[in-house]
Amino acid sequence: MTMLFRAAAVALVSIALGGAGQAQTSWDMPTPYPDGNFHTRNAAQFAADVDKATKGSLKIKIHSAGSLFKHPEIKRAARQGTAPIGEILQSLAGNEAPIYAADSLPFVATGYDAAKKLYDVQKPYLQKQLDSEGLMLLYAVPWPPQGLYAKREINSVNDLKGLKFRTYNPTIGRIAALAGSIPTQIEVPDLPTAFATGRVDVMITSASTGVDTKAQDYLTHYIDAQAWLPRNIVFVNKAAFAKLSPDEQKAVIDAAKAAEDRGWKASMDEMQIKTKALKDAKIIVMQPSAELKAGLAKIGETIAAEWAAKAGPDGQKMLEEYKK
Ligand code: PCA
């Protein structure tokens with residue numbers, strides 16, 4: 001028996017060394033959203049592609065739903081190298097540098113073509129910012145358009161007054177404040193409890209997140225406002241990346257490119273599929289009233305102006321390029 005165990009142990013070690021004695025690198029990848037979400041599934045495919053292209057010499061292990069690091073800690077973990085790679089909602093970092101919030105300005109870019117154009121002009125600034133933090137952008141994928149969830153019809157901004165407003169980034173906090181609501185930052189894994197216990201009354205998010213969190217259990221209405229398409233970004237610690245072999249680096253870059261293309265397509269499908277799923281779950285899906293639209297647009301203008309003032313010359317240049 002002892003001999004057998006010893007033989008098995010030797011076999012395991014040689015498997016771990018990749019047979020030919022090649023070194024193996026293992027990366028933990030913290031992500032904020034649940035396993036079934038399309039961003040997480042996309043990241044899992046990215047990890048599988050890297051595994052295949054490197055013949056197993058670079059393993060990326062995904063820790064979904066904030067299980068390894070909570071969402072607000074993921075970027076810091078990657079900067080410090082505690083986790084070499086990670087995913088966040090880009091605009092969660094909007095208070096650290098205005099460029100992170102540029103994709104979440106209400107009614108600036110409301111469809112996929114506009115969101116792509118905005119991403120293209122924003123990308124160099126985003127890369128520069130991440131680089132200054134010791135990080136490298138790997139890929140970015142938008143969520144489907146953002147709508148308003150509530151427990152009754154919301155027909156004007158006035159209807160939001162005094163309600164507890166769930167936020168996922170500082171910009172929504174500002175929207176809530178301008179609407180006279182009370183903002184509370186809550187991550188997706190905590191949403192069902194937050195609604196069930198009355199900590200929040202309304203939220204702005206995608207059909208995807210509504211379905212992921214079974215919104216029908218705690219909400220009744222979805223107002224399809226298509227206000228913006230926030231992006232998730234995946235980044236890698238530059239020093240960790242530099243330690244990879246050239247072939248491994250190429251595998252990561254190629255898999256990231258594929259993940260970005262696949263993710264944008266998945267997001268478009270997701271919008272259709274999950275909006276239908278909300279209806280099937282008996283959520284009342286409705287168009288925003290003219291009054292609500294006008295009220296939200298006005299708030300959007302205020303927020304865009306505040307953003308431009310904070311973002312300085314780079315931000316203004318970016319917006320001008322986008323509007324061309
Ligand atoms: N879902 C995420 C961010 C944007 C979205 O559609 C959330 O609600 O936190």
Before giving the answer on side chain to side chain donor-acceptor pair (under 3.5 Å), spell out for Ser208 and Glu270 the whole-Å C-alpha distance, their side-chain angles and the decisive distance to 0.1 Å. CA-CA 7 Å; Ser208 299; Glu270 186 79 6; 2.9 Å; yes
Residues Lys55, Asp247: salt bridge by 4.0 Å N-O rule: no
Taking Pro98's backbone N and O only, do any of them form a donor-acceptor pair with Trp307's side chain (distance below 3.5 Å, no angle check)? yes
Less than 4.0 Å between a side-chain N and a carboxylate O, is that true for Lys128 and Asp314? yes
Only pairs under 3.5 Å count here: list side-chain donor-acceptor contacts from residues 141-148, not counting sequence neighbours, and write none if there are none.
unit_1, atom_1, unit_2, atom_2, d
Trp143, NE1, His39, NE2, 3.4
Trp143, NE1, Asn232, OD1, 2.8
Gln146, OE1, Tyr168, OH, 2.7
Gln146, NE2, Pro144, O, 2.9

Using the salt bridge (Lys or Arg N to Asp or Glu O under 4.0 Å) criterion, which residues pair with Lys265? Sequence neighbours excluded. none
Using the side-chain hydrogen bond (donor to acceptor under 3.5 Å, both in side chains) criterion, which residues pair with Gln129? Sequence neighbours excluded. Glu133
Here's one to test your reading of the geometry: is the NZ or CZ of Lys257 within 45 degrees of the ring axis of Tyr139 and under 6.0 Å from its centre? no
Give a yes or no on whether a salt bridge exists between Lys116 and Asp120, defined as a side-chain N under 4.0 angstrom from a carboxylate O. yes
For the NZ atom on Lys161, are there more than 12 heavy atoms of other groups (residues, nucleotides or ligands in this structure) within a distance under 6.0 Å? no
Establish, yes or no, whether a centroid distance under 6.0 Å links the rings of Phe38 and Tyr33. no
Please check if the number of heavy atoms outside Asp280 that lie under 6.0 Å from its CG is greater than 12. yes
Check whether any side-chain N or O of Gln45 sits under 3.5 Å from a backbone N or O of Ala259 as a donor-acceptor pair, and report yes or no. no
Is it the case that over 12 heavy atoms from other parts of the model lie below 6.0 angstrom from the NZ atom of Lys117? yes
Could you go step by step and tell me if Asp131 and Gln127 meet the side chain to side chain donor-acceptor pair (under 3.5 Å) rule? CA-CA 6 Å; Asp131 188 75; Gln127 285 168 325; over 6 Å; no
Salt bridge check, Arg174 against Glu306: does any charged N sit closer than 4.0 Å to a carboxylate O? yes
So do the side chains of Met318 and Gln122 get within less than 4.5 Å of each other, counting heavy atoms only? yes
For Lys70, is the NZ atom crowded, meaning more than 12 foreign heavy atoms sit under 6.0 Å from it? no
